[in-house]
*Asks:* 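Got a structure for you, questions after.
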Amino acid sequence: MASSKVRPHLVVADENGDILDHPELLMVCRRGNEIIMPRPDELIPLPEESELFLLPGRHALGLDPETGQLEEQEYLAVAAFASPGHTLAAHPAYISGPDAPELPLFAYGAIGFANDRFYIAAKKVDEDKRQQFAGISRSALEKKAHAMMRRFPENRLIQHIGLTCALTYSCPAARNLCLGRYEAPLPVSNACNARCVGCISLKEETSPGCSTPQSRMTFTPTVREIVEVMEYHASNERERPIFSFGQGCEGEPLTQAALMEEAIREYLKKGGKGTINLNTNASIPSALTNLAGAGLTSMRVSLNSARDEAYARYYRPQGYSMDNVRESIVRARQGNVFVSLNLLYFPGFTDTEEETRAIISLVNECGVNFIQLRNLNIDPEKYLKLMAGIETGPCIGLNVFRKRLVRECPGLKLGYFNPYVESGFSRTAD
């Protein structure tokens with residue numbers, strides 16, 4: 001529910017870490033390099049299962065409504081991590097001190113306080129309840145996870161997903177596998193052909209300590225181990241099972257394309273049903289042709305930008321380029337694979353004129369079916385420095401960005417999660 005009249009006050013944190021609303025100053029936010037008032041149609045009450053963060057070394061900025069001037073506070077700035085299904089419309093506004101540490105890999109939403117509740121600059125873009133866990137206790141999850149692992153004591157993939165992913169890192173996909181619902185993870189690779197600035201599964205020696213990711217898997221599963229996971233999930237989620245190669249605990253799954261192809265064929269040969277999805281950087285076009293032939297249902301391609309320079313600065317590809325990504329999308333569509341973009345959305349960059357045009361061109365030229373408006377998890381100032389010098393044009397905002405995509409890309413759908421693709425759905429490229 002958007003609020004067209006609310007004027008939230010600035011939210012800050014004191015020296016004890018207590019979160020307060022400022023009695024006089026109003027909330028302001030940041031889009032790219034602009035510090036502005038939040039747009040009324042992009043303010044919503046803070047969704048359930050969201051989290052609040054204190055931003056160390058960063059002083060909060062608020063607006064004095066009497067003078068119209070921005071005022072820096074001694075208080076720390078505060079941000080919110082929106083629960084899944086919501087896309088951020090703006091980042092918090094603050095002034096970083098000289099010793100401010102780099103922020104961990106989360107998405108930082110601008111928040112304010114009014115009418116006895118928090119408000120965030122964001123929009124709900126997907127109604128799917130796939131990653132909602134309210135009401136599910138830790139003990140219930142542990143019971144399910146351990147039961148799954150006891151059932152398959154020799155399956156390293158199930159042990160990894162249950163113990164490491166679900167119980168240690170609280171991965172939503174892993175928890176859903178344990179709970180027998182929605183979308184199951186199928187990590188297969190510990191190698192990668194990109195060096196993403198915001199990688200969550202491999203820490204470089206030069207990475208700051210605060211950006212410590214989860215540990216990357218250390219083994220390559222067998223076809224049997226993969227198929228056992230798929231069959232187990234299908235036995236529990238009988239209506240709309242989704243199986244996804246390409247998870248946060250692994251590298252690039254296309255480096256194990258032959259393994260995935262064999263597993264897909266084996267699962268389908270045994271009568272398996274459901275959406276078989278691949279989360280990928282789409283770097284190896286030839287692999288997509290083979291995977292489509294094996295029975296891959298859908299593919300989600302991660303992008304921070306559809307422009308070569310911006311893409312390369314963030315993904316730092318090794319041995320491939322944006323042209324290969326485009327070719328992979330075309331080959332997948334030619335093989336009747338449903339293609340989504342995992343668009344890593346950054347307010348003030350993604351929703352600018354030049355970026356919008358590039359994304360629209362990619363969608364229309366390659367036949368993309370769906371865009372998932374995912375938040376880019378990164379320190380906002382780090383990303384702006386990374387993209388410095390790249391022409392963007394004016395910021396149009398999240399709502400106008402979404403409207404432009406729908407208006408200028410016939411048939412394109414928007415959301416947040418991997419959609420369940422019906423087996424009878426026609427996915428033939430135009």
Side-chain angles (χ1 to χ4, degrees), residues 31 42 82-89 107 122-128 130-131 183 196 198 242 244 246 275 277-283 288 296-308 310-311 314-315 322 325-333 336-378 383 392 395-422 425-427 429-430:
R31 286 190 181 85
E42 291 177 345
S83 60
H86 297 85
T87 304
L88 298 181
K123 294 295 288 186
K124 189 171 188 178
V125 297
D126 203 315
E127 295 294 333
D128 197 313
R130 189 175 312 182
Q131 292 187 8
E183 182 175 357
C196 302
I242 302 175
S244 282
T275 295
N277 177 68
L278 170 63
N279 301 321
T280 176
N281 62 23
S283 54
L288 267 302
L296 183 70
T297 315
S298 64
M299 176 177 76
R300 185 184 80 182
V301 180
S302 288
L303 296 171
N304 70 309
S305 172
R307 294 193 288 167
D308 294 15
Y311 177 86
Y314 178 79
Y315 278 87
M322 189 67 201
V325 175
R326 295 185 182 95
E327 184 182 351
S328 291
I329 295 173
V330 171
R331 289 199 185 198
R333 293 289 289 116
N336 293 340
V337 174
F338 183 98
V339 175
S340 301
L341 298 182
N342 179 29
L343 185 59
L344 304 179
Y345 190 91
F346 188 94
F349 186 83
T350 310
D351 53 352
T352 58
E353 188 62 39
E354 295 298 325
E355 282 292 306
T356 302
R357 290 177 184 173
I359 293 166
I360 289 171
S361 294
L362 176 66
V363 168
N364 289 333
E365 291 171 7
C366 298
V368 173
N369 303 98
F370 196 91
I371 291 182
Q372 298 176 38
L373 294 168
R374 295 292 187 103
N375 299 301
L376 178 58
N377 292 341
I378 197 169
Y383 192 71
T392 58
C395 178
I396 62 177
L398 176 59
N399 283 339
V400 175
F401 175 77
R402 294 165 67 200
K403 291 176 182 177
R404 284 274 298 276
L405 290 177
V406 172
R407 184 176 70 245
E408 299 184 37
C409 302
L412 179 71
K413 302 298 182 183
L414 306 179
Y416 189 93
F417 301 105
N418 285 319
Y420 178 79
V421 180
E422 299 287 352
F425 181 80
S426 175
R427 298 180 302 276
D430 294 333

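The first residue in the sequence is number 1, and the count goes up from there.
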*Asks:* My understanding is that only residues two or more places apart in sequence, or in another chain, count here; which of them pass side chain to side chain donor-acceptor pair (under 3.5 Å) with Y314?
*Replies:* none
*Asks:* Might you point out which heavy atoms bring E42 and G397 nearest each other, and give the distance in Å?
*Replies:* OE2-C, 3.9 Å
*Asks:* Give a yes or no on whether the backbone of S244 and the side-chain of E183 come within a donor-acceptor separation of less than 3.5 Å.
*Replies:* no
*Asks:* Applying side chain to side chain donor-acceptor pair (under 3.5 Å), can you list everything that pairs with N364, at least two apart in sequence or on another chain?
*Replies:* none
*Asks:* Do L303 and V325 have side chains that approach each other closer than 4.5 Å (heavy atoms only, starting at C-beta)?
*Replies:* yes
*Asks:* Shortest non-hydrogen contact from P84 to F417?
*Replies:* CB-CZ, 3.9 Å
*Asks:* What residues, two or more places apart in sequence or in another chain, satisfy salt bridge (charged side-chain N to carboxylate O under 4.0 Å, His left out) together with R402?
*Replies:* none
*Asks:* Main chain of T87, side chain of N375: is a donor-acceptor contact present, judged purely on distance under 3.5 Å?
*Replies:* no
*Asks:* Quick one: list whatever passes side-chain contact (heavy atoms from CB on, under 4.5 Å) with E354, sequence neighbours left out.
*Replies:* R307, R357, E391
*Asks:* Can you list everything that forms a salt bridge (charged side-chain N to carboxylate O under 4.0 Å, His left out) with K403? Sequence neighbours excluded, please.
*Replies:* none
*Asks:* Under a 4.5 Å cut-off applied to non-hydrogen side-chain atoms, are N277 and V421 in contact?
*Replies:* no
*Asks:* R331: which residues meet the side chain to side chain donor-acceptor pair (under 3.5 Å) condition with it, sequence neighbours left out?
*Replies:* T289, E327
*Asks:* Please name the pair of heavy atoms, one in T275 and one in P419, separated by the smallest distance, quoted to 0.1 Å.
*Replies:* CG2-O, 4.2 Å
*Asks:* Identify, with sequence neighbours excluded, every residue that meets side chain to side chain donor-acceptor pair (under 3.5 Å) alongside Q131.
*Replies:* none
*Asks:* Mind checking the CE-CG spacing from M299 to L341? Nearest 0.5 Å is all I need.
*Replies:* 8.5 Å
*Asks:* Check whether R374 reaches the backbone of Y416 with its side chain - one donor and one acceptor, N or O, closer than 3.5 Å.
*Replies:* yes
*Asks:* For A306, what residues pass the side-chain contact (heavy atoms from CB on, under 4.5 Å) criterion, not counting sequence neighbours?
*Replies:* A358, I359, L362
*Asks:* Identify, with sequence neighbours excluded, every residue that meets ring-ring contact (aromatic ring centres under 6.0 Å, His included) alongside Y311.
*Replies:* Y315
*Asks:* Do V301 and I329 have side-chain heavy atoms sitting under 4.5 Å apart?
*Replies:* yes
*Asks:* With a cut-off of 3.5 Å and sequence neighbours excluded, list every side-chain donor-acceptor pair involving residues 406-414.
*Replies:*
| unit_1 | atom_1 | unit_2 | atom_2 | d |
| --- | --- | --- | --- | --- |
| E408 | OE2 | R404 | NE | 2.6 |

*Asks:* Are the side chain of S298 and the backbone N or O of F338 linked by a donor-acceptor pair below 3.5 Å?
*Replies:* no
*Asks:* Do any pairs count as a side-chain hydrogen bond (donor to acceptor under 3.5 Å, both in side chains) and have a residue in residues 339-350, sequence neighbours left out, and if so which ones?
*Replies:* S302-N342, Y345-D351
*Asks:* Can you name the residues that form a side-chain contact (heavy atoms from CB on, under 4.5 Å) with A310, not counting sequence neighbours?
*Replies:* S305, F349, E355, M387, I390
